[in-house]
Protein chains: 2
Amino acid sequence: MVQQVKVYQEVLDEIHRLIKEEGIMPGDKLPSERTLATQLNASRSSVREALRAIELLGMIVTRRGEGTYLRDYKSFQVMQLLATFVLQDTQTVENLTEAIELLENFAIEKAKVKIVPSELDELKRIINSNQSDREKHHLFFERIFNYADNQLIFHIWRLMQDFEEGLKTDVKYNYPYERVIMQLE
Amino acid sequence: MVQQVKVYQEVLDEIHRLIKEEGIMPGDKLPSERTLATQLNASRSSVREALRAIELLGMIVTRRGEGTYLRDYKSFQVMQLLATFVLQDTQTVENLTEAIELLENFAIEKAKVKIVPSELDELKRIINSNQSDREKHHLFFERIFNYADNQLIFHIWRLMQDFEEGLKTDVKYNYPYERVIMQLE
DNA sequence: GCACCACACTGGTCAGACCAGTTCTCGTTT
DNA sequence: AAACGAGAACTGGTCTGACCAGTGTGGTGC
């Protein structure tokens with residue numbers, strides 16, 4: 001039997017510690033790969049394996065020549081990854097449409113109690129603008145989601161929008177915006 | 001300007017392709033790191049960076065001396081990871097709880113019209129079993145989601161469950177199973 | 001004071017080495 | 001012929017050192 005904790009796992013822990021104890025905040029710079037390596041008594045390769053992993057998770061962003069920066073990982077980029085993969089095997093369009101509607105209705109319900117009148121004008125302006133249907137839909141619900149107080153659901157909704165975009169080019173239109181606005185009034 | 005696609009990203013794509021086109025299924029073995037490296041004209045380091053990343057995502061599992069295997073990644077431990085890394089943030093927890101409820105209610109609504117009586121007995125059996133609360137909750141809704149006809153939403157629900165599991169250790173509160181069953185009857 | 005350039009630093013990538021496990025092969029033993 | 005076992009061949013884990021390509025900086029010359 002061996003200790004099967006891999007070095008790159010330890011590096012992850014260390015980075016976690018850095019964030020917690022050293023007070024590194026989103027946007028801040030992390031120590032360089034070489035620095036981390038010597039600090040942790042690990043090779044640069046191992047450090048890189050760890051960094052690449054959490055980069056994929058969207059927790060950090062690296063810029064060649066500059067450095068590695070902690071990111072605002074509350075942006076749920078993970079969801080993106082998961083979605084990419086989840087949608088791959090399940091992706092019936094109906095499922096997706098239904099899911100999107102579910103989230104949109106959720107947003108509408110939540111918005112009902114919080115929305116301010118001036119916002120309604122803005123919504124009307126959007127649906128009467130001459131942008132593409134897709135643009136309109138996006139803008140319309142983006143504003144509504146502002147009142148839904150749930151960033152997570154909003155993110156998921158956006159992801160689904162993107163996917164839908166990739167799947168079927170049009171449709172969706174004739175969305176009953178007017179009815180929604182009446183509900184909100 | 002340069003192509004800023006990193007090698008390890010390409011490796012990820014390639015693995016993706018392998019899974020899709022070569023029909024590699026969960027449990028199957030992936031080519032060895034060295035093989036992948038030569039196949040992709042990349043260094044082993046780069047291949048490893050990619051592998052480590054998706055290992056962290058729980059998509060593969062590696063065993064020294066044996067190889068790298070595609071995993072049944074239905075329950076991503078990303079969530080767990082994120083949980084440890086990301087959030088002590090109550091906002092997130094609330095978002096998550098709300099989202100889970102939204103999906104569960106969706107499932108219940110859909111199940112109402114399709115569920116068969118014998119299934120109700122099964123549901124009752126589950127909530128009266130002596131498994132952990134979390135287990136019960138999982139099994140309970142897994143069955144209900146069977147009737148919801150939406151694999152996508154089911155998947156997302158499962159992901160969120162895992163996520164939540166990583167967040168707060170204890171309990172799936174006093175979920176009103178009885179009330180749900182009454183609704184379904 | 002300003003412009004410019006060399007140098008130090010950062011990430012990106014590679015090649016090669018060695019260790020530590022597992023699996024396979026093939027000759028020896030029974 | 002079947003069972004065994006030693007070793008080769010393979011797999012992942014880790015490290016070192018090298019080089020490239022960007023970025024930042026400080027000093028020099030104007």
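Lettering of chains follows the sequences in order, A, B, ..., and the numbering in each one begins at 1. The figures here come from the full heavy-atom set of this structure, side chains too, leaving out hydrogens, waters and symmetry mates.
Residues passing the side chain to side chain contact (heavy atoms under 4.5 Å, CB included) test with B:Val7, sequence neighbours excluded: B:Val11, B:Ala42, B:Ser46. Remark: A:Phe141 pairs with A:His137, A:Trp157, A:Tyr175 by the ring-ring contact (aromatic ring centres under 6.0 Å, His included) rule, at least two apart or across chains. Under the ring-ring contact (aromatic ring centres under 6.0 Å, His included) criterion, B:Phe140 pairs with B:Tyr177, sequence neighbours left out. For the ring-ring contact (aromatic ring centres under 6.0 Å, His included) test, no residue two or more places apart in sequence or in another chain qualifies with B:Phe106. For B:Arg17, the side-chain hydrogen bond (donor to acceptor under 3.5 Å, both in side chains) test picks out B:Glu14, B:Glu21, with sequence neighbours left out.
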Kindly give the atom pairs (protein nitrogen or oxygen, nucleotide nitrogen or oxygen) under 3.5 Å for nucleotides 12-15 of chain D.
unit_1: D:dG12; atom_1: OP1; unit_2: B:Thr68; atom_2: OG1; d: 3.1
unit_1: D:dG12; atom_1: OP2; unit_2: B:Glu33; atom_2: N; d: 2.9
unit_1: D:dG12; atom_1: N7; unit_2: B:Arg34; atom_2: NH1; d: 2.9
unit_1: D:dG12; atom_1: O6; unit_2: B:Arg34; atom_2: NH2; d: 3.1
unit_1: D:dG13; atom_1: OP1; unit_2: A:Lys6; atom_2: NZ; d: 2.8
unit_1: D:dG13; atom_1: OP1; unit_2: B:Thr62; atom_2: OG1; d: 3.3
unit_1: D:dG13; atom_1: OP2; unit_2: B:Arg48; atom_2: NH1; d: 3.0
unit_1: D:dG13; atom_1: OP2; unit_2: B:Arg52; atom_2: NH2; d: 3.3
unit_1: D:dG13; atom_1: O4'; unit_2: B:Arg64; atom_2: NH2; d: 3.3
unit_1: D:dG13; atom_1: N7; unit_2: B:Arg44; atom_2: NH2; d: 2.8
unit_1: D:dG13; atom_1: O6; unit_2: B:Arg44; atom_2: NH1; d: 3.2
unit_1: D:dT14; atom_1: OP1; unit_2: A:Val7; atom_2: N; d: 2.8
unit_1: D:dC15; atom_1: OP2; unit_2: A:Ser43; atom_2: N; d: 3.1
unit_1: D:dC15; atom_1: OP2; unit_2: A:Ser43; atom_2: OG; d: 3.1
unit_1: D:dC15; atom_1: OP2; unit_2: A:Ser46; atom_2: OG; d: 2.7

